[in-house]
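To find a chain, count down the sequence lines: A is the first, B the second, and so on, and within it residues start at 1. Just so you know, these numbers use all the heavy atoms, side chains as well, and skip hydrogens, waters and symmetry mates.
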Number of protein chains: 2
Amino acid sequence: MSSIDRKRRGYHQFCGAARALDVVGERWTLLIVRNLLIGPRRFSDLLDELPGITTNLLATRLRDLGAAELVEPAARGGYRLTEAGRALEPVLRELGRWGGRYMDRPRRGDAVNLGWGLFSLKRRYRGGVECIVGIEADGKSFEVTLGRERMDLVEREASNPALRLAGASHAFRRLFGLGTEPASIDELLEEKAITATGDLRQLRPFARSLAP
Amino acid sequence: MSSIDRKRRGYHQFCGAARALDVVGERWTLLIVRNLLIGPRRFSDLLDELPGITTNLLATRLRDLGAAELVEPAARGGYRLTEAGRALEPVLRELGRWGGRYMDRPRRGDAVNLGWGLFSLKRRYRGGVECIVGIEADGKSFEVTLGRERMDLVEREASNPALRLAGASHAFRRLFGLGTEPASIDELLEEKAITATGDLRQLRPFARSLAP
DNA sequence: CAGGATCCGCCGCGATACTG
DNA sequence: CAGTATCGCGGCGGATCCTG
């Protein structure tokens, strides 16, 4: 039946990009995935982090992502990505890289999220450092794992970080040059905008490997 | 004025991926870019290659892409990508890579396009060959340039290819394993499904560097 | 309160017809 | 060949209501 074929609107092209857009090309979908790439999320978390999305649309998207087996129920409630969902990270990385040209400063009314900013550091990371850093900003906790080649990011309290940094998220956006005037780690410590505890010898290599 | 802010529907997030989707996230847009990445196109070319798009929507998308300075008028009429538009290639590459998992075989009603298939070979190319190959299939001409690291593809008659291959597009899809049972270059030459002229010593390295 | 479902209005989209 | 004009529909945005 052609009614079945056309049931769901699709591109009907034998092309990887078109197939991908058939699955994750609808509005909001890739942004939901981006947020889940940082860590598991509850419905209400996503609702807060995605200003403008409505409850019905978020529910629909999560249901569709579940049906596509890109998202599954998380252990402690909420939603998490499956392996196939996590495989979308390179797509988000390249989208973020390309969109960087429109992103020098936040515009009026823009939602700003430190998680998105830290996520974008993955492609800036220069490598060569090996340590785990815990970041606490505005009630949120991030575990940043620097390895030989790549950086990992999870939103959770770092289990056993070599270094702990705490401050307002704006301080971290200054540290990494994420939409504000950049500042050195020394300035920020001097101003007490950021406080560091733990193995302070890791501080400078950490900052340098992620500097703007 | 808030009416100006909200004139165009957008995500209003200070995030590279969201900014990118504000510009190229609407339906059809990235597929138009994908086709233009293979070479300049006229309005009617795009209309043929994008089954299902309508004239008004294609006109709107091309106008928007022009306003965003991703597309500009081509020298001999039609449309071509600007530098910023070509910079979307990694996005299409990663989308295509991810979408590959849904693409083992064409489905009923799928549009099939040899250009899209050859484009996907860019990420398969193993490097190490240096030659220009002209491919002629079903009235279309492609110039495939193999270099030390990467492969380039333009839809045009190759100016001075070391090797010329001609055949039905289905034969090339067998050669590269693009949605059909793969076949070796020897089989295809034996069957006369593909005819090769020029420097035949390049034939086998070419096929091997792009094999499934 | 988390996690939705339901209803409605609007605009992006699809289809067709028409024009320079 | 390269679009524009028109219209109907469904996806999406906004608000409210429901259920454990």
Side-chain angles (χ1 to χ4, degrees), chain A residues 2-13 18 21-32 35-36 39-68 71-80 109 111 139, chain B residues 2-13 18 21-32 35-36 39-68 71-80 109 111 139:
Chain A
S2 73
S3 71
I4 289 181
D5 292 352
R6 302 286 165 181
K7 201 72 185 185
R8 223 189 138 68
R9 186 169 63 169
Y11 290 114
H12 302 101
Q13 298 179 3
L21 292 172
D22 279 337
V23 180
V24 297
E26 289 182 292
R27 191 161 163 75
W28 292 108
T29 303
L30 278 173
L31 297 184
I32 295 171
N35 281 24
L36 290 174
R41 290 284 190 284
R42 295 165 166 277
F43 189 88
S44 53
D45 296 332
L46 292 168
L47 216 49
D48 291 342
E49 295 172 349
L50 297 170
I53 201 172
T54 53
T55 58
N56 55 357
L57 207 42
L58 178 57
T60 301
R61 291 291 179 270
L62 286 170
R63 186 167 38 245
D64 291 349
L65 284 167
V71 164
E72 62 189 4
R76 303 166 206 177
Y79 303 87
R80 48 168 278 176
Chain B
S2 73
S3 71
I4 290 182
D5 291 352
R6 302 287 165 181
K7 202 71 184 188
R8 223 189 137 69
R9 187 166 62 169
Y11 291 114
H12 302 102
Q13 298 179 2
L21 292 171
D22 278 338
V23 180
V24 297
E26 290 181 290
R27 190 161 163 76
W28 291 108
T29 303
L30 279 173
L31 296 184
I32 294 170
N35 280 25
L36 290 174
R41 290 283 190 282
R42 295 164 166 275
F43 189 88
S44 53
D45 297 332
L46 291 168
L47 216 50
D48 291 342
E49 296 173 348
L50 297 170
I53 201 173
T54 52
T55 57
N56 54 359
L57 206 42
L58 178 56
T60 302
R61 291 291 179 269
L62 287 170
R63 188 165 37 242
D64 292 347
L65 284 167
V71 164
E72 62 189 4
R76 304 165 206 176
Y79 302 88
R80 48 167 280 175

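Atom CZ of A:Arg76 and atom P of C:dA2 are 18 Å apart (whole Å). The CZ atom of B:Arg27 sits 14 Å away from the P atom of D:dG10 (whole-angstrom rounding). Nucleotide C:dC1 holds its P atom 13 Å from the CG atom of A:Asp48, rounded to whole Å. C:dT16 atom C1' lies 13 Å from atom CG of B:Leu47, rounded to whole Å. Put simply, CZ on B:Arg63 is 16 Å from P on D:dA2, counting in whole angstrom units. The CG atom of A:Leu57 sits 15 Å away from the C1' atom of C:dC10 (whole-angstrom rounding). Atom pair B:Leu58:CG and D:dC1:C1' shows a separation of 13 Å (rounding to whole Å applied). Look at CZ on B:Arg9: it is 7 Å from P on C:dC13, rounded to the nearest Å.
In the interface, the side chain of B:Thr55 is not paired with the base of D:dA2 through any donor and acceptor atom under 3.5 Å apart. One cannot find a donor-acceptor pair under 3.5 Å joining the base of C:dT16 and the side-chain atoms of B:Thr54. Side-chain atoms of B:Asn56 and base atoms of D:dG3 include no donor and acceptor less than 3.5 Å apart.
Listed nucleotides: D:dC1, C:dG14, C:dA2. Nearest to the side chain of A:Arg42: C:dA2. Distances were taken from every side-chain heavy atom of A:Ser44 (C-beta onward) to each of C:dA2, C:dG12, D:dC12; the shortest belongs to C:dA2. Among the nucleotides D:dG13, D:dG3, C:dC13, the one closest to the side chain of B:Ala59 is D:dG3.
Nucleic acid contact for A:Gly52: sugar-phosphate only, since backbone atoms but no base atoms lie under 4.0 Å from a heavy atom of the residue.
OP1 or OP2 of D:dG13 has at least one side-chain nitrogen or oxygen of A:Trp28 nearer than 4.0 Å. A close approach under 4.0 Å does not occur between any side-chain nitrogen or oxygen of A:Tyr11 and OP1 or OP2 of C:dC13.
Side-chain contact between B:Pro51 and A:Gln13 is present, with at least one heavy-atom pair separated by less than 4.5 Å. Side-chain contact between B:Leu62 and B:Leu58: present, with at least one pair of heavy atoms (C-beta onward) separated by less than 4.5 Å.
A donor-acceptor pair under 3.5 Å is absent between the side-chain atoms of A:Arg27 and the main chain of B:Glu26, judged by distance alone. Between the side chain of B:Tyr79 and the backbone N or O of B:Leu46, no donor-acceptor pair lies under 3.5 Å.
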B:Ile53 vs B:Ile32, test: side-chain contact (heavy atoms from CB on, under 4.5 Å). Steps then yes/no. CA-CA 10 Å; B:Ile53 201 173; B:Ile32 294 170; 4.3 Å; yes
